There are 2 protein chains.
Amino acid sequence: MNLSQIELLRVLQETNLNLSKAAEKMHIVQSAVSRQLQLFEAELGSPLFERQGKKLVGMTSLGLSIMDEVATINRAKANIQHIASDFLDSNKGTLHIATTHTQAKYFLPKPIARFREKYPGVNIYMVQASPEQLIDQLHNRKADVAICTERVDLVPDLILETCYRWYHSIVVPHEHPLAEGLITLERISQYPILTYSFGYTGRSNIENAFNQANLELDIILAASDTDVIKTYVRLGLGVGLIAGMAYDPIVDKDLVARDLSHLISSSSTKIAYLKHNYLPQYSKHFIEELLIAGKENSY
Amino acid sequence: MNLSQIELLRVLQETNLNLSKAAEKMHIVQSAVSRQLQLFEAELGSPLFERQGKKLVGMTSLGLSIMDEVATINRAKANIQHIASDFLDSNKGTLHIATTHTQAKYFLPKPIARFREKYPGVNIYMVQASPEQLIDQLHNRKADVAICTERVDLVPDLILETCYRWYHSIVVPHEHPLAEGLITLERISQYPILTYSFGYTGRSNIENAFNQANLELDIILAASDTDVIKTYVRLGLGVGLIAGMAYDPIVDKDLVARDLSHLISSSSTKIAYLKHNYLPQYSKHFIEELLIAGKENSY
DNA sequence: TAAGGTTACGGCGATCGTAACGATC
DNA sequence: GATCGTTACGATCGCCGTAACCTTA
């Protein structure tokens with residue numbers, strides 16, 4: 001058994017059990033891959049893959065039952081390499097952050113600024129993506145840390161930390177009826193709504209609140225991006241239902257924000273990163289900064 | 001990086017960083033080990049070991065920080081091998097049980113008999129040892145499962161399952177004053193005591209009970225073995241303070257057992273096995289049998 | 001000087017690449 | 001015949017063992 005054989009198993013999974021593709025990925029010729037697989041199976045004493053003729057069409061139960069261990073070894077190997085390269089120059093490196101537009105624009109600026117002060121040598125790459133993509137980014141190791149609100153529960157091999165809690169608000173032009181008076185779900189539901197796309201920024205909490213009150217929402221625009229929503233609110237298309245922190249009293253002074261904390265339950269923005277994955281010191285520090293910034297926030 | 005280099009790191013730890021001993025353990029010459037270590041350090045870019053002259057005297061912080069991953073890889077590798085050899089003939093194999101005398105004699109016979117009925121092809125090796133040794137047996141992979149009462153809490157990388165709870169009893173000859181009347185700690189403390197050695201079979205619970213009552217015990221004999229205790233009780237040396245389940249109404253009919261459940265808090269016998277360690281199907285079944293037998297017991 | 005570690009060098013074996021072949025769609 | 005996998009064979013590179021050498025208790 002050797003590490004390239006272990007790696008081969010991983011690559012084979014990624015290539016739908018195609019030996020030729022796997023060989024390409026591993027920068028060796030296909031025949032070498034074929035032999036290595038045979039050698040490994042011979043060493044273990046029984047096949048790891050089901051074959052139809054010569055084609056690999058699936059894994060044997062033995063193959064399946066060792067894949068956990070295979071993944072563990074590959075993870076640990078990558079971790080060793082990261083730890084070592086990290087050690088060489090501990091304050092240089094790259095931090096990959098995956099997040100959604102709302103977080104990137106309204107929450108991250110402060111913690112990122114603080115982080116850059118402390119680690120000026122670390123390059124920051126920010127990837128914007130949908131909540132589901134965020135998790136893929138982590139799994140593909142394209143991101144070290146993800147920050148988002150929805151769809152991150154119940155994913156195993158992720159570590160989740162609640163960063164901060166916040167409430168939704170509505171935003172309307174000053175002359176809109178909802179700019180005045182007591183806000184209720186009933187009143188809101190009488191107007192066309194502009195809010196986040198499904199799966200974004202606490203959208204599910206919005207759904208739940210109105211569903212429970214047996215009210216239907218007339219969502220005429222769904223965007224993944226608060227700025228788009230605000231733009232169309234300004235045009236008078238309807239009521240913007242956005243994250244409270246996305247209202248800026250200065251920039252948005254032509255709009256009125258009304259807090260909905262009594263109507264829609266709080267959403268929590270979370271920090272997610274891979275379990276069993278080595279994070280360099282500066283990444284851990286960044287997470288610290290996020291948590292601190294989260295505590296300072298009170299939207 | 002390759003698996004033997006990873007293994008080398010483990011072996012070096014076990015040999016107090018002695019390259020020659022490590023080479024011996026790995027069945028290669030010392031110069032090969034020296035070179036492999038250099039190659040690995042070169043690959044990672046910085047040394048893993050502190051050196052005084054040429055001698056290895058400790059690990060660098062890099063070395064220390066990768067040892068977790070190293071251990072993980074070694075574990076996973078061993079697991080793969082176990083899973084595979086297990087797969088070859090799933091109902092043959094060997095089950096190594098580490099336990100103390102009391103468990104071996106009074107608790108294990110029934111679950112082991114049941115286990116043998118279901119897996120007649122599995123050889124059972126039982127190692128008797130002190131509670132501390134039990135844990136070493138697990139870590140050294142000399143045992144798959146350990147069953148014992150004391151000293152197993154707070155050890156990381158062990159999985160613990162409570163098997164059953166039991167109480168202490170005293171045993172005395174029929175003519176002894178304690179054979180009659182209400183049993184109290186005060187009464188017991190007036191006689192010479194024969195009980196378990198320190199660290200064995202709930203001994204710490206005994207200590208605690210008498211300490212809290214501000215009573216001193218005159219322990220004139222401490223054995224790791226209930227039979228020794230009973231033998232000397234028969235000779236009239238004093239009061240035997242033993243695990244309740246170690247009194248056999250038939251074999252020990254010349255002795256009287258008095259329950260102490262109202263005086264000494266219950267002890268719990270636990271099943272311990274290594275986290276992250278592959279156990280074959282039959283071993284898991286054995287643990288099931290232990291839990292079942294534990295539930296049936298009511299000492 | 002014994003014990004532990006490094007360096008130099010030759011040889012062997014593991015693994016790769018080339019290439020021809022076999023199977024399956 | 002295109003794709004995918006296996007087998008054969010020669011070449012290469014990695015790794016081991018021998019052996020001489022260095023260093024420190």
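Chain naming here is simple, since letters A, B, ... match the order of the sequence lines and numbering starts at 1 in each. All values reported here derive from a predicted model rather than from experimental measurement.
- OP1 or OP2 of D:dG5 sits under 4.0 Å from a side-chain N or O of A:S20.
- Regarding B:Q5, its CD atom lies at a distance of 9 Å from the P atom of D:dC16, rounded to whole Å.
- B:N2 comes within contact range of the sugar-phosphate backbone alone, with a heavy-atom separation under 4.0 Å but no base atom that close.
- Taking a 6.0 Å sphere around CG of B:N16, one finds it holds 12 or fewer heavy atoms contributed by other residues, nucleotides or ligands.
- Under a cut-off of 6.0 angstrom, the local environment of NZ in B:K118 is sparse, with at most 12 non-hydrogen atoms contributed by other residues, nucleotides or ligands.
- Using a 4.0 Å cut-off on heavy atoms, the residues of residues 23-35 of chain A that approach DNA chain D are A:Q30, A:S31, A:S34, A:R35, listed by number.
- Using a cut-off of 4.0 Å between Lys/Arg side-chain N and Asp/Glu carboxylate O, B:K25 and B:E14 are scored as salt-bridged.
- The nearest whole Å value for the distance from the NZ atom in A:K21 to the C1' atom in D:dT3 is 9 Å.
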Legend entry - Worked check of salt bridge (Lys or Arg N to Asp or Glu O under 4.0 Å) between B:K77 and B:E7: CA-CA 10 Å; B:K77 177 183 138 197; B:E7 171 128 8; 2.7 Å; yes
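- One finds a salt bridge joining B:R51 and B:E41 here, because a Lys/Arg side-chain nitrogen approaches an Asp/Glu carboxylate oxygen to under 4.0 Å.
- In this structure, the CG atom of A:L8 is 10 Å from the P atom of C:dC16, given to the nearest Å.
- Rounded to whole Å, atom P of D:dG14 lies 16 Å from atom CG of A:L3.
- Listed by residue number, B:Q38, B:R51 are the residues of residues 38-51 of chain B with a heavy-atom contact under 4.0 Å to DNA chain C.
- Without hydrogens or angle criteria, A:Y125 side chain to A:A98 main chain gives no donor-acceptor distance under 3.5 Å.
- For the OP1/OP2 pair of C:dG5 and a distance below 4.0 Å, the side-chain nitrogens and oxygens of B:N18 include at least one atom meeting the criterion.
- In this structure, the CG atom of A:L56 is 14 Å from the P atom of C:dT24, given to the nearest Å.
- Distance CG (A:L19) to P (D:dG5): 4 Å, rounded to an integer number of Å.
- Residue B:L17 is classed as a sugar-phosphate contact, given heavy-atom separations below 4.0 Å to backbone atoms only.
- Ring centers of B:H82 and B:Y278: at least 6.0 Å apart, outside the cut-off.
- Separating the CD atom of A:Q36 from the C1' atom of D:dT7 is a distance of 15 Å, rounded to the nearest angstrom.
- Remark: aromatic rings of B:F115 and B:Y119 are close, center separation under 6.0 Å.
- Atom CD of B:E24 has 12 or fewer neighbouring heavy atoms from other residues, nucleotides or ligands inside a 6.0 Å radius.
- Taking atom CD of residue B:Q52 and atom C1' of nucleotide D:dT23, one finds them 13 Å apart after rounding to whole Å.
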